[in-house]
Amino acid sequence: MNIQLAQLMRAMINYDSGDVPRIQHFVKVHDFAATIGISENLDEETQLILEAAAILHDIGIHLAEVKYGNCNGKAQEELGPNEARKLLTEVGGFTEAQTERICWLIGHHHTYDNVKTADHRILLEADFLVNSFEDNLDVKGIMAFRKRVFRSTYAIDILDKMWKIEKA
Ligand SMILES: [Fe+2]
């Protein structure tokens with residue numbers, strides 16, 4: 001994590017002020033994403049985009065709750081990017097292309113089909129590593145998601161070590 005990401009992390013903590021579970025959630029998702037991205041040898045630019053997206057990925061939740069009365073994935077995907085853009089602009093230093101890519105990822109962080117890029121893939125994997133615990137998933141649910149979404153070598157390795165999956 002560099003200074004720019006640390007500033008973004010603080011801005012997001014401020015945005016979610018008082019909502020301890022959500023702050024804890026994105027800090028963990030960011031850390032898994034950073035670990036997997038570096039392990040998978042992402043280039044510096046992609047790593048920065050991935051880490052920023054991981055910090056901001058659930059930013060649409062509060063608005064989704066206000067607008068739709070729930071925080072389902074699709075509502076978050078719809079409402080997240082605009083909120084993210086505000087925070088990225090406030091923190092500064094992100095290029096137009098970086099901002100657009102980060103916002104695209106936030107708009108697709110509950111889209112599991114047709115995943116074509118490492119940043120998108122790793123964001124989904126990192127989010128699930130945290131959600132598999134926070135949502136109290138059973139082994140069947142974990143294995144189904146593993147099969148459907150997990151592709152990165154080190155994400156699979158972390159999931160398997162975390163849940164002691166011996167053979168899949
Ligand atoms: Fe999440």
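Counting starts at 1 for both ligands and their atoms, in listed order. As the structure is a computational prediction, the values presented were derived from the model and not from experiment.
Looking only at N/O/S atoms, Asp58 comes nearest to the Fe ion (ligand 1) through OD2. The name of the N, O or S atom in Asp127 nearest to the Fe ion (ligand 1) is OD1. Taking the Fe ion (ligand 1) as reference, the nearest N/O/S atom within His57 carries the name NE2.
The pair Arg101-Asp119 counts as a salt bridge, with a side-chain nitrogen and a carboxylate oxygen less than 4.0 angstrom apart.
Closest heavy-atom contact between Val130 and Phe32: CG2-CD1, 3.6 Å.
Metal site remark for the Fe ion (ligand 1): His109 contributes no N, O or S atom at a distance under 2.8 Å.
Relative orientation of the His120 and Trp104 rings is perpendicular, given thresholds of 30° and 60° on the angle between their planes.
Residues His109 and Glu77 have side chains that never bring a donor and an acceptor to within less than 3.5 angstrom of each other.
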